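Down below is the structure, laid out as structure tokens.
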Amino acid sequence: MNSEGNTRIKIILGTILLVISMGFQTIAWFVDDKNHETHSETVHVLRAVSLFVFVISVIVFLLIYSMMRKEGSKAKKDVVTFSRIATSLASDYESVFYLNTQDDSYKEYARVDGEENKLRVVSSGTDFFKDLKVNVESDIVEVDKEKIYAVINKDYMYKAFKEGRVIDLDYRLIQAGSVLYYHLKVTKGFNEDDKYIVIGVRNNDKQRREEEKNKAAAEAGKTYGKIAQALASRYEVLYYVNIDTNEYVEYSASKTYSKLEIGSKGKDFFKDCQLNMVKDIYTDDYPMMVNAMDKDNLMKVIDAKNTFTITYRLLLNGQPEYVNLRAIRPRDDKHHLVIGVVNINDTMQREEEFKERLDTVMNMANRDALTGVKNKNAYNIMEKEINERISKGKQEAFSIVFCDVNNLKRVNDSKGHKAGDEYIRDACMMICRVFKHSPVYRVGGDEFAVIIRGEDYENRKSLVDQIRTQVEMNRDDGKVVVSIGLSDFDPKVDKELSSVFERADREMYLNKKDLKS
């Protein structure tokens, strides 16, 4: 039974006792009045009982009063406590509007600065919705205005209350030229306050911006993760190495590479590398890799360039395959290296095949089809290279031999062009046989140039005499005859190859004249 029921019973009991006391007193008065002398003792007893019962009833009423006073004090204390709780909750809001739905009047409450448990009225009005429209039009971000009108109206609010929904709304407010995030919460009053609606408005700009920042960071993290995953997918194996402790973790995307037995985790990456390279690295590349994967050498390059890359061959399934290793220090992380190994064997093979085809094409473009020696195009390329070295003062000693095939027109006219072609080949073969350490160029129909260098340069004069002796013998036997001129490069005089060539050309014509005479 609650305290209210107990109080009611005590009041009834006290009242009954009071009535009984009055009854005894009335009886005593009546007896005393009618039989004063004969019943005086009875009257005294009745009056004593009446007084006793009266005292008890007074005690009961005093108890009731004391209890009610305590309960009233407790109720008053509870009201104060509730008020403080409500004020504390309200302090979470920048403003709290107390709206009378019967006449649309309202009061705006705000917390009193420096007093935690007090709210004060900061504004009031007779038409909440009219004032709301004024404030919305002047202060709310344009795209959020309709959202507020859709929610802060009686029809919508009572429908939400009827369905047991709480109304929460986020919007943006323009304040001193800045856009701030706000949140409002709408609740309906209870009991005697059921004609009121309470609207709490809170500035949650800091919270929202922090949430947006975290969301953006999370999205960025997802994006970076996807990018990293996509980039990592091209690597056969990745290592995450702590350069302070040398500990590492291996992430292998290939069963082939996991057979290299470096392990998924390890205590010393550089030591394990040196041990495993003995059996995993192709023999010709081993010395290079031992030096490259030494920690001190690797870190020197990383410190200077922040990245390191090297191409070498691994023994995979017993066959050497080209791989590329790339080591990089992550941004804002001085304590780790990310090392990736990607198989580029197919790419290297395609490049080698392409290079071979290109060499073949270039060789065909620079070769004379009739004789097989280099052609005029190759001579022009060589001339450009020599001119560049001459201009830089880096050209080594060389000579030019210029040859002209005699009697070609007579052979063509008398024996035909097929015989003339054979005559040119014989001349070229004689020149190549003598100057066997130097490149020979067919620079015209019946003209050849030789760039004399190396061993041939040291013996150039004896070689020229040798070919001239052979020509004298051929002339007597009716075989191929070649006029020849020799000119040495003089770095003090010659600024380009053409000046050396011109001297050799002049000497060739002198030799041709001697042969004709």
Side-chain angles (χ1 to χ4, degrees), residues 363-383 386 397-490 493-494 496-517:
N363 188 52
M364 292 174 63
N366 294 324
R367 288 284 174 181
D368 176 55
L370 179 63
T371 62
V373 297
K374 296 182 179 183
N375 60 15
K376 176 68 174 180
N377 184 60
Y379 181 85
N380 291 336
I381 295 173
M382 176 275 305
E383 182 178 17
I386 289 179
F398 72 95
S399 298
I400 290 182
V401 167
F402 183 56
C403 305
D404 183 85
V405 182
N406 293 2
N407 306 320
L408 178 62
K409 186 176 184 306
R410 186 172 63 187
V411 173
N412 282 332
D413 292 344
S414 62
K415 297 181 180 181
H417 286 283
K418 187 174 182 180
D421 290 345
E422 190 63 33
Y423 193 75
I424 291 172
R425 279 194 289 267
D426 289 343
C428 180
M429 189 177 298
M430 181 178 62
I431 296 168
C432 290
R433 193 161 44 239
V434 174
F435 302 104
K436 54 188 174 183
H437 300 297
S438 302
V440 178
Y441 301 85
R442 186 184 179 193
V443 295
D446 56 359
E447 296 173 336
F448 292 88
V450 185
I451 305 298
I452 306 296
R453 55 195 179 191
E455 184 179 337
D456 286 352
Y457 177 80
E458 300 298 329
N459 302 309
R460 60 191 180 282
K461 291 185 179 180
S462 62
L463 293 176
V464 169
D465 290 341
Q466 180 182 335
I467 200 170
R468 283 177 174 170
T469 300
Q470 182 65 50
V471 166
E472 290 290 343
M473 295 172 59
N474 287 353
R475 184 176 63 172
D476 295 338
D477 295 337
K479 295 180 181 180
V480 66
V481 176
V482 175
S483 302
I484 186 171
L486 171 68
S487 176
D488 295 336
F489 166 64
D490 185 351
V493 176
D494 299 316
E496 55 186 16
L497 179 66
S498 60
S499 61
V500 186
F501 183 88
E502 289 170 359
R503 290 198 301 271
D505 183 43
R506 287 195 296 269
E507 186 175 332
M508 182 274 295
Y509 271 106
L510 292 175
N511 182 241
K512 183 182 282 287
K513 186 176 181 181
D514 290 342
L515 288 172
K516 286 183 178 180
S517 63

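We use all heavy atoms of the structure for the numbers below, so side chains are in, but hydrogens, waters and symmetry mates are not. Please read these numbers as outputs of a predicted model, since none were measured by experiment.
Listed by chain and number, the residues in a salt bridge (Lys or Arg N to Asp or Glu O under 4.0 Å) with E422 are R425 (sequence neighbours excluded). The ring pair (Phe, Tyr, Trp, His ring centres under 6.0 Å) search around F435 returns none, not counting sequence neighbours. Residues forming a ring pair (Phe, Tyr, Trp, His ring centres under 6.0 Å) with Y441 (at least two apart in sequence, or on another chain): Y379.
Looking only at distances, no side-chain donor or acceptor of N474 sits under 3.5 Å from a matching main-chain atom of V481.
Each of K409, R410, K415 was compared with D413 under the side chain to side chain donor-acceptor pair (under 3.5 Å) criterion, and only K409 meets it.
Contact annotation: the side chain of T371 approaches that of F448 to within less than 4.5 Å [non-hydrogen atoms, C-beta and beyond]. A heavy-atom distance below 4.5 Å is found between the side chains of R453 and P439. In this structure, L486 and S399 have side chains that are in contact, with non-hydrogen atoms separated by less than 4.5 Å. Proximity of Y423 to D446: side-chain heavy atoms (C-beta onward) are nowhere separated by under 4.5 Å. Side-chain contact between I400 and L497: present, with at least one pair of heavy atoms (C-beta onward) separated by less than 4.5 Å. Annotation: side chain of D505 is in contact with side chain of M508 (closest heavy-atom distance under 4.5 Å). With a 4.5 Å cut-off on side-chain heavy atoms, E496 and I386 do not count as touching. Under the 4.5 Å side-chain criterion, counting only non-hydrogen atoms from C-beta, I451 is not in contact with S438.
No donor-acceptor contact under 3.5 angstrom links the side chains of N459 and E455, judged on distance only. Of the N and O atoms on the side chains of S483 and N406, at least one donor lies less than 3.5 Å from an acceptor on the other residue.
Between V480 and A427, the shortest heavy-atom distance links the atoms CG2-CB, 3.6 Å.
From L408, atom CG reaches atom CD of E447 across 11.0 Å, with rounding to the nearest 0.5 Å. Rounded to the nearest 0.5 angstrom, L510 CG and K512 NZ are separated by 12.0 Å. To the nearest 0.5 Å, atoms CG (N377) and CG (D368) are separated by 12.0 Å.
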Given the rule in the salt bridge (Lys or Arg N to Asp or Glu O under 4.0 Å) test, do D426 and K479 qualify, once you have shown the distances and angles that lead to the verdict?
-> CA-CA 9 Å; D426 289 343; K479 295 180 181 180; over 6 Å; no
Taking it one step at a time, do R442 and K376 satisfy side chain to side chain contact (heavy atoms under 4.5 Å, CB included)?
-> CA-CA 6 Å; R442 186 184 179 193; K376 176 68 174 180; over 6 Å; no
Verdict with supporting geometry, V482 and M430, side chain to side chain contact (heavy atoms under 4.5 Å, CB included) | CA-CA 9 Å; V482 175; M430 181 178 62; 3.5 Å; yes
Steps toward side chain to side chain contact (heavy atoms under 4.5 Å, CB included) verdict (R503, E507) | CA-CA 6 Å; R503 290 198 301 271; E507 186 175 332; over 6 Å; no
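When ring centroids are compared, F398 and Y457 stay outside the 6.0 Å threshold.
Within 6.0 Å of CZ in R468 there are more than 12 heavy atoms belonging to other residues, nucleotides or ligands. The environment of NE2 in H437 is crowded: more than 12 heavy-atom neighbours from other residues, nucleotides or ligands sit within 6.0 Å.
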